[in-house]
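So the structure is just underneath, and the comments pick up after that.
All values reported here derive from a predicted model rather than from experimental measurement.
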Amino acid sequence: MAACWAHARRKFYEVHQATGSPVAAEALRRIAELYAIEATIRGQTADTRQSARRARSLSLVGAMNTWLETELNRVPPRGGLADAIRYALTRWSALCLFLDDGRLQLDNNTVERAIRPIALGRKNHLFAGSDGGAARWAVVASLLATAKLNDVEPFAYLKDILERMSNGHPMSLLDDLLPWNWASSVAAAA
């Protein structure tokens, strides 16, 4: 399983904010180089991304690993900086998986943004009324999140599919109402 560079970066960011550590600043600079490369290849095919990462990111990641191991031996072992370095080093092989697979992202920020509303509403969702109500809420929340991931406006989507279903949309064609199919059918009808 791939690890998230944003989580590793956050550890160094917190140390830098609290202490102004030049080592943490250097770690942030090195991680920013990886993100700069990713910005240039975003939207490319997986093979193109993997090739670019091999050509441009691999040496940066290798140098960062060596540098972090050296710095870990130089900083106080019980400080926040050492904790940040250990966090990255213990996850190093998982942090490097993006180099070998162009389908992987450098971080999981997209997924975290998608699930944030669900996580924030967790306590409210406890009051679904019953196990059946909770199951139905999970379906609705999944549909809304999937709609957002497919660039479908959730309110318009739900309004339309509920109207279609109440007007007798055939059960055998329910797949047509899934967000990724709905968007193309609406575009075709327009």
Side-chain angles (χ1 to χ4, degrees), residues 1-120 122 138 141-152 178-181 183-184:
M1 181 163 68
C4 174
W5 277 94
H7 286 100
R9 182 192 178 281
R10 187 173 304 129
K11 303 286 185 189
F12 291 107
Y13 177 81
E14 289 169 356
V15 169
H16 186 261
Q17 288 295 107
T19 67
S21 164
V23 175
E26 176 62 14
L28 292 172
R29 185 195 65 75
R30 289 172 182 250
I31 294 169
E33 287 183 277
L34 296 175
Y35 274 94
I37 293 167
E38 289 299 304
T40 66
I41 60 174
R42 188 169 291 119
Q44 302 292 321
T45 67
D47 290 337
T48 302
R49 288 164 41 126
Q50 182 181 2
S51 295
R53 288 169 176 172
R54 286 293 195 177
R56 299 170 57 199
S57 300
L58 181 62
S59 61
L60 296 175
V61 170
M64 188 183 315
N65 181 267
T66 303
W67 177 76
L68 285 172
E69 288 176 352
T70 301
E71 290 302 317
L72 184 59
N73 292 321
R74 294 180 50 203
V75 300
R78 295 191 186 269
L81 182 57
D83 289 343
I85 294 171
R86 276 192 296 275
Y87 181 90
L89 290 176
T90 57
R91 291 160 180 79
W92 199 256
S93 60
L95 285 169
C96 293
L97 287 176
F98 82 102
L99 296 168
D100 298 320
D101 189 340
R103 297 171 300 168
L104 297 177
Q105 299 293 326
L106 202 57
D107 58 44
N108 63 6
N109 286 344
T110 304
V111 172
E112 288 194 4
R113 277 191 299 274
I115 66 171
R116 183 170 290 127
I118 294 168
L120 292 175
R122 190 176 300 137
S142 295
L143 277 173
L144 293 175
T146 303
K148 290 177 187 176
L149 286 172
N150 285 278
D151 295 322
V152 171
L178 293 172
W180 52 87
N181 294 330
S184 59

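With N150 contributing its side chain and V152 its backbone, the two residues share no donor-acceptor pair below 3.5 Å.
Interatomic distance, L99 CG to L106 CG, rounded to the nearest 0.5 Å: 9.0 Å. A distance of 12.0 Å separates CZ of R56 from OG of S51, quoted to the nearest 0.5 Å.
Here the shortest heavy-atom pairing between L104 and R53 reads O-NH2, 2.8 Å. Residue A82 comes nearest to P76 through the heavy atom pair CB-O, 3.3 Å, listed as atom of the first residue, atom of the second, then distance. Between W5 and L95, the shortest heavy-atom distance links the atoms NE1-O, 2.8 Å. What you find for A88 and F12 is that their closest heavy atoms are CB-CE1, 4.4 Å. Of all heavy-atom pairs between M1 and A94, the closest is O-CB, 3.3 Å. What you find for L72 and L89 is that their closest heavy atoms are CD2-CD1, 3.9 Å.
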Report task. Test E33 against R29 for salt bridge (Lys or Arg N to Asp or Glu O under 4.0 Å), laying out the working first. Result -> CA-CA 6 Å; E33 287 183 277; R29 185 195 65 75; 3.0 Å; yes
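By the salt bridge (charged side-chain N to carboxylate O under 4.0 Å, His left out) test, R54 is found to be paired with D100, residues two or more places apart in sequence or in another chain being considered. Applying the salt bridge (charged side-chain N to carboxylate O under 4.0 Å, His left out) criterion to R49, with sequence neighbours excluded, gives no partner residue.
Side-chain contact check for L149 versus W180: every heavy-atom pair is 4.5 Å or farther apart. Inter-residue side-chain proximity for D107 and R9 is flagged as unmet; no heavy-atom pair is nearer than 4.5 Å. Considering only heavy atoms from C-beta on, W67 stays 4.5 Å or farther from I85 through its side chain. Using a 4.5 Å heavy-atom cutoff, the side chains of I37 and L60 are in contact. Inter-residue side-chain proximity for F98 and V61 is flagged as met; some heavy-atom pair is nearer than 4.5 Å.
In this structure, Y87 places its OH atom where more than 12 heavy-atom neighbours from other residues, nucleotides or ligands lie under 6.0 Å away.
Evaluation of the salt bridge (Lys or Arg N to Asp or Glu O under 4.0 Å) test over residues 73-96, restricted to residues two or more places apart or in two chains, returns E71-R74, D83-R86.
Using a 4.0 Å cut-off between charged side-chain N and carboxylate O, R30 and E26 make a salt bridge.
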